[in-house]
Amino acid sequence: AQSVTQLGSHVSVSEGALVLLRCNYSSSVPPYLFWYVQYPNQGLQLLLKYTTGATLVKGINGFEAEFKKSETSFHLTKPSAHMSDAAEYFCAVSEGNNDMRFGAGTRLTVKP
Amino acid sequence: DAGVTQSPTHLIKTRGQQVTLRCSPKSGHDTVSWYQQALGQGPQFIFQYYEEEERQRGNFPDRFSGHQFPNYSSELNVNALLLGDSALYLCASSFGQPNYEQYFGPGTRLTVT
(Lines give C-alpha, C1' and ligand atoms only; values in the text may rest on other atoms or scores of the structure.)
Protein backbone atom coordinates (compact mmCIF):
# COMPACT_ATOMS: atom_id res chain seq x y z
CA ALA A 1 0.00 0.00 0.00
CA GLN A 2 1.06 3.55 -0.58
CA SER A 3 2.64 5.60 2.21
CA VAL A 4 4.13 9.01 2.91
CA THR A 5 7.00 10.14 5.10
CA GLN A 6 7.35 13.79 5.99
CA LEU A 7 10.84 14.63 7.18
CA GLY A 8 10.75 17.01 10.12
CA SER A 9 7.73 17.38 12.33
CA HIS A 10 8.62 21.03 12.97
CA VAL A 11 10.24 23.56 10.64
CA SER A 12 11.02 27.12 11.64
CA VAL A 13 11.98 29.87 9.19
CA SER A 14 12.32 33.62 9.31
CA GLU A 15 9.89 35.83 7.46
CA GLY A 16 11.15 36.27 3.90
CA ALA A 17 13.26 33.10 3.97
CA LEU A 18 12.85 30.05 1.77
CA VAL A 19 10.35 27.45 2.92
CA LEU A 20 11.22 23.80 2.21
CA LEU A 21 9.01 21.01 3.51
CA ARG A 22 10.10 17.51 2.64
CA CYS A 23 7.94 14.60 1.56
CA ASN A 24 8.92 11.14 0.36
CA TYR A 25 6.39 8.61 -0.82
CA SER A 26 6.09 4.91 -1.51
CA SER A 27 3.77 3.61 -4.19
CA SER A 28 3.52 0.50 -6.35
CA VAL A 29 2.02 2.44 -9.25
CA PRO A 30 2.47 5.98 -10.60
CA PRO A 31 1.23 8.06 -7.69
CA TYR A 32 -1.04 11.03 -7.33
CA LEU A 33 0.51 13.45 -4.85
CA PHE A 34 -0.96 16.27 -2.82
CA TRP A 35 -0.04 18.97 -0.33
CA TYR A 36 -2.67 20.23 2.10
CA VAL A 37 -2.48 23.01 4.69
CA GLN A 38 -4.39 23.02 7.98
CA TYR A 39 -4.84 26.12 10.09
CA PRO A 40 -5.84 25.76 13.75
CA ASN A 41 -9.38 24.52 14.26
CA GLN A 42 -9.96 24.22 10.54
CA GLY A 43 -10.16 21.48 7.95
CA LEU A 44 -7.58 20.81 5.28
CA GLN A 45 -7.15 23.06 2.27
CA LEU A 46 -5.60 21.77 -0.94
CA LEU A 47 -2.42 23.67 -1.83
CA LEU A 48 -1.49 21.76 -4.97
CA LYS A 49 -1.63 18.35 -6.60
CA TYR A 50 0.30 16.24 -9.09
CA THR A 51 -1.52 13.70 -11.20
CA THR A 52 0.23 13.52 -14.57
CA GLY A 53 2.19 15.82 -16.88
CA ALA A 54 4.52 18.58 -15.78
CA THR A 55 6.51 17.56 -12.73
CA LEU A 56 6.75 21.09 -11.33
CA VAL A 57 3.39 21.97 -9.91
CA LYS A 58 2.35 25.45 -8.85
CA GLY A 59 -0.26 25.93 -6.18
CA ILE A 60 -1.96 28.63 -4.23
CA ASN A 61 -0.29 31.23 -2.01
CA GLY A 62 3.00 31.04 -3.95
CA PHE A 63 3.75 27.40 -3.10
CA GLU A 64 5.10 24.89 -5.58
CA ALA A 65 6.29 21.29 -5.50
CA GLU A 66 8.33 19.10 -7.81
CA PHE A 67 7.64 15.43 -8.44
CA LYS A 68 10.93 13.52 -8.64
CA LYS A 69 10.30 9.90 -9.48
CA SER A 70 13.93 8.86 -9.13
CA GLU A 71 14.01 10.23 -5.58
CA THR A 72 10.38 9.31 -4.74
CA SER A 73 10.01 12.84 -3.45
CA PHE A 74 7.49 15.65 -3.65
CA HIS A 75 8.99 18.49 -1.63
CA LEU A 76 7.02 21.71 -1.08
CA THR A 77 8.74 25.07 -1.48
CA LYS A 78 7.98 28.77 -1.28
CA PRO A 79 10.66 31.38 -2.07
CA SER A 80 9.70 33.83 0.66
CA ALA A 81 7.84 32.93 3.84
CA HIS A 82 5.05 35.10 5.17
CA MET A 83 3.70 35.16 8.70
CA SER A 84 0.38 33.88 7.38
CA ASP A 85 2.09 30.68 6.18
CA ALA A 86 2.38 29.42 9.75
CA ALA A 87 0.28 26.26 9.83
CA GLU A 88 0.40 22.46 9.67
CA TYR A 89 1.24 21.00 6.27
CA PHE A 90 0.34 17.50 5.12
CA CYS A 91 1.67 15.55 2.17
CA ALA A 92 -0.60 12.82 0.80
CA VAL A 93 -0.43 10.07 -1.81
CA SER A 94 -3.10 8.17 -3.67
CA GLU A 95 -2.85 5.29 -6.13
CA GLY A 96 -6.05 6.40 -7.81
CA ASN A 97 -8.17 4.06 -5.74
CA ASN A 98 -9.75 6.73 -3.55
CA ASP A 99 -7.64 5.66 -0.54
CA MET A 100 -5.56 8.73 0.21
CA ARG A 101 -2.69 8.27 2.68
CA PHE A 102 -1.41 11.25 4.61
CA GLY A 103 1.91 11.92 6.28
CA ALA A 104 2.13 12.84 9.94
CA GLY A 105 2.41 16.52 9.11
CA THR A 106 4.99 19.29 9.44
CA ARG A 107 4.30 22.30 11.61
CA LEU A 108 5.71 25.44 10.01
CA THR A 109 6.60 28.35 12.27
CA VAL A 110 7.49 31.73 10.76
CA LYS A 111 9.56 34.08 12.89
CA PRO A 112 9.31 37.84 12.42
CA ASP B 1 -21.62 28.58 -2.28
CA ALA B 2 -21.36 26.70 0.99
CA GLY B 3 -18.42 24.42 1.28
CA VAL B 4 -18.38 21.16 3.19
CA THR B 5 -20.25 21.45 6.46
CA GLN B 6 -20.09 19.15 9.45
CA SER B 7 -22.09 18.85 12.63
CA PRO B 8 -21.72 18.98 15.49
CA THR B 9 -18.51 20.96 15.99
CA HIS B 10 -17.65 19.33 19.29
CA LEU B 11 -18.98 16.27 21.04
CA ILE B 12 -18.25 14.60 24.36
CA LYS B 13 -19.28 10.97 24.85
CA THR B 14 -18.70 8.28 27.42
CA ARG B 15 -16.89 5.04 26.70
CA GLY B 16 -19.30 2.41 25.35
CA GLN B 17 -21.75 4.92 23.91
CA GLN B 18 -22.62 5.40 20.26
CA VAL B 19 -22.17 8.57 18.20
CA THR B 20 -23.39 9.90 14.85
CA LEU B 21 -21.55 12.59 12.95
CA ARG B 22 -23.01 14.39 9.94
CA CYS B 23 -21.59 15.86 6.77
CA SER B 24 -23.05 17.87 3.91
CA PRO B 25 -20.86 17.93 0.80
CA LYS B 26 -19.95 20.93 -1.28
CA SER B 27 -22.59 21.83 -3.85
CA GLY B 28 -22.22 19.66 -6.97
CA HIS B 29 -20.22 16.95 -5.23
CA ASP B 30 -21.49 13.38 -5.05
CA THR B 31 -18.76 11.59 -3.12
CA VAL B 32 -18.05 11.77 0.59
CA SER B 33 -14.99 10.44 2.39
CA TRP B 34 -14.42 10.27 6.14
CA TYR B 35 -11.10 10.58 7.93
CA GLN B 36 -9.97 10.27 11.53
CA GLN B 37 -7.24 12.65 12.68
CA ALA B 38 -5.76 11.84 16.07
CA LEU B 39 -3.92 14.59 17.91
CA GLY B 40 -0.56 15.26 16.28
CA GLN B 41 -1.20 12.85 13.42
CA GLY B 42 -2.22 13.04 9.82
CA PRO B 43 -5.75 12.08 8.76
CA GLN B 44 -6.44 8.37 8.33
CA PHE B 45 -8.93 7.20 5.73
CA ILE B 46 -12.01 5.51 7.21
CA PHE B 47 -14.24 4.98 4.17
CA GLN B 48 -15.79 6.60 1.14
CA TYR B 49 -19.39 6.72 -0.07
CA TYR B 50 -20.54 7.15 -3.65
CA GLU B 51 -24.01 6.47 -5.02
CA GLU B 52 -25.14 5.62 -1.50
CA GLU B 53 -22.70 2.73 -1.27
CA GLU B 54 -19.44 2.24 0.57
CA ARG B 55 -16.84 2.16 -2.21
CA GLN B 56 -13.59 1.93 -0.32
CA ARG B 57 -12.69 1.25 3.27
CA GLY B 58 -9.56 1.85 5.29
CA ASN B 59 -8.27 -0.21 8.17
CA PHE B 60 -11.02 0.52 10.68
CA PRO B 61 -13.15 -1.97 12.63
CA ASP B 62 -16.80 -2.65 11.93
CA ARG B 63 -17.70 -0.37 14.85
CA PHE B 64 -17.28 2.39 12.27
CA SER B 65 -20.14 2.48 9.80
CA GLY B 66 -21.66 5.04 7.54
CA HIS B 67 -24.46 6.00 5.28
CA GLN B 68 -25.00 8.27 2.32
CA PHE B 69 -28.38 9.77 1.57
CA PRO B 70 -29.93 10.55 -1.84
CA ASN B 71 -28.98 14.22 -1.41
CA TYR B 72 -25.32 13.06 -1.06
CA SER B 73 -25.05 14.01 2.61
CA SER B 74 -23.48 11.41 4.83
CA GLU B 75 -23.34 10.12 8.39
CA LEU B 76 -20.54 8.42 10.26
CA ASN B 77 -21.59 6.15 13.11
CA VAL B 78 -19.26 4.79 15.75
CA ASN B 79 -20.52 2.14 18.18
CA ALA B 80 -19.08 1.01 21.50
CA LEU B 81 -16.84 4.04 21.80
CA LEU B 82 -13.31 3.58 23.10
CA LEU B 83 -11.03 6.20 24.61
CA GLY B 84 -8.86 5.81 21.52
CA ASP B 85 -11.68 7.02 19.30
CA SER B 86 -11.09 10.55 20.58
CA ALA B 87 -10.04 12.52 17.52
CA LEU B 88 -11.00 15.10 14.93
CA TYR B 89 -13.26 13.51 12.34
CA LEU B 90 -12.99 15.09 8.94
CA CYS B 91 -15.37 14.80 6.06
CA ALA B 92 -14.22 15.47 2.51
CA SER B 93 -16.31 15.75 -0.61
CA SER B 94 -15.44 15.39 -4.28
CA PHE B 95 -17.03 14.76 -7.63
CA GLY B 96 -16.98 11.56 -9.62
CA GLN B 97 -14.87 8.43 -9.50
CA PRO B 98 -11.95 8.22 -9.11
CA ASN B 99 -11.49 11.55 -7.48
CA TYR B 100 -8.38 13.48 -6.67
CA GLU B 101 -9.46 16.89 -5.49
CA GLN B 102 -11.16 16.58 -2.15
CA TYR B 103 -12.61 19.52 -0.23
CA PHE B 104 -12.51 19.14 3.53
CA GLY B 105 -14.93 20.32 6.16
CA PRO B 106 -13.83 21.85 9.48
CA GLY B 107 -14.26 18.59 11.31
CA THR B 108 -16.02 17.32 14.41
CA ARG B 109 -13.93 17.08 17.57
CA LEU B 110 -14.98 13.92 19.45
CA THR B 111 -13.83 13.41 23.02
CA VAL B 112 -14.49 10.06 24.69
CA THR B 113 -14.22 10.01 28.48
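Chain A is the first sequence line, chain B the second, and so forth, proteins listed ahead of strands; every chain is numbered from 1.
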Does the side chain of [X] reach to within under 4.5 Å of the side chain of [Y], using non-hydrogen atoms?
X: Q37(B); Y: Q38(A); value: yes
X: Q102(B); Y: Y36(A); value: yes
X: Q41(B); Y: F102(A); value: no

What's in the same ILVMFWY side-chain cluster as M83(A), cut-off under 4.5 Å, chained through other members?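 Noted: M83(A) shares its cluster with V4(A), V11(A), V13(A), V19(A), L21(A), Y25(A), L33(A), W35(A), V37(A), Y39(A), L47(A), L48(A), Y50(A), V57(A), I60(A), F63(A), F67(A), F74(A), L76(A), Y89(A), V93(A), L108(A), V110(A).
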
Look at atom [atom1] of [X] and say whether more than 12 heavy atoms of other residues, nucleotides or ligands are closer to it than 6.0 Å.
X: N59(B); atom1: CG; result: no
X: Y72(B); atom1: OH; result: no
X: R15(B); atom1: CZ; result: no

If you take all heavy atoms of Y35(B) and M100(A), which pair is closest and at what distance?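 So the minimum-distance heavy-atom pair works out to OH-CB, 3.6 Å.
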
Which members of residues 104-113 of chain B, sorted by number, sit under 4.5 angstrom from chain A on a heavy-atom basis?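 So the qualifying residues are F104(B), G105(B), P106(B).
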
Hphob cluster co-occupancy, Y89(B) + L11(B), side-chain heavy atoms under 4.5 angstrom: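 Yes; tracing contacts between hydrophobic side chains, which count when under 4.5 Å, links both residues.
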
Same apolar cluster (I L V M F W Y, side chains within < 4.5 Å links), L83(B)/F60(B):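 Yes, one cluster joins them.
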
List for me each residue that meets ring pair (Phe, Tyr, Trp, His ring centres under 6.0 Å) alongside H75(A), sequence neighbours excluded, and say none if there are none.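 Listed in chain order: nothing, the list is empty.
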
Partners of H82(A) by ring pair (Phe, Tyr, Trp, His ring centres under 6.0 Å), sequence neighbours excluded?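 If we apply the ring pair (Phe, Tyr, Trp, His ring centres under 6.0 Å) test to H82(A), skipping adjacent residues, there are no hits.
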
Sort out for me which of C91(B), P43(B), G40(B) touches chain A most, counting heavy-atom pairs under 4.5 Å.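 So the answer, after comparing C91(B), P43(B), G40(B), is P43(B).
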
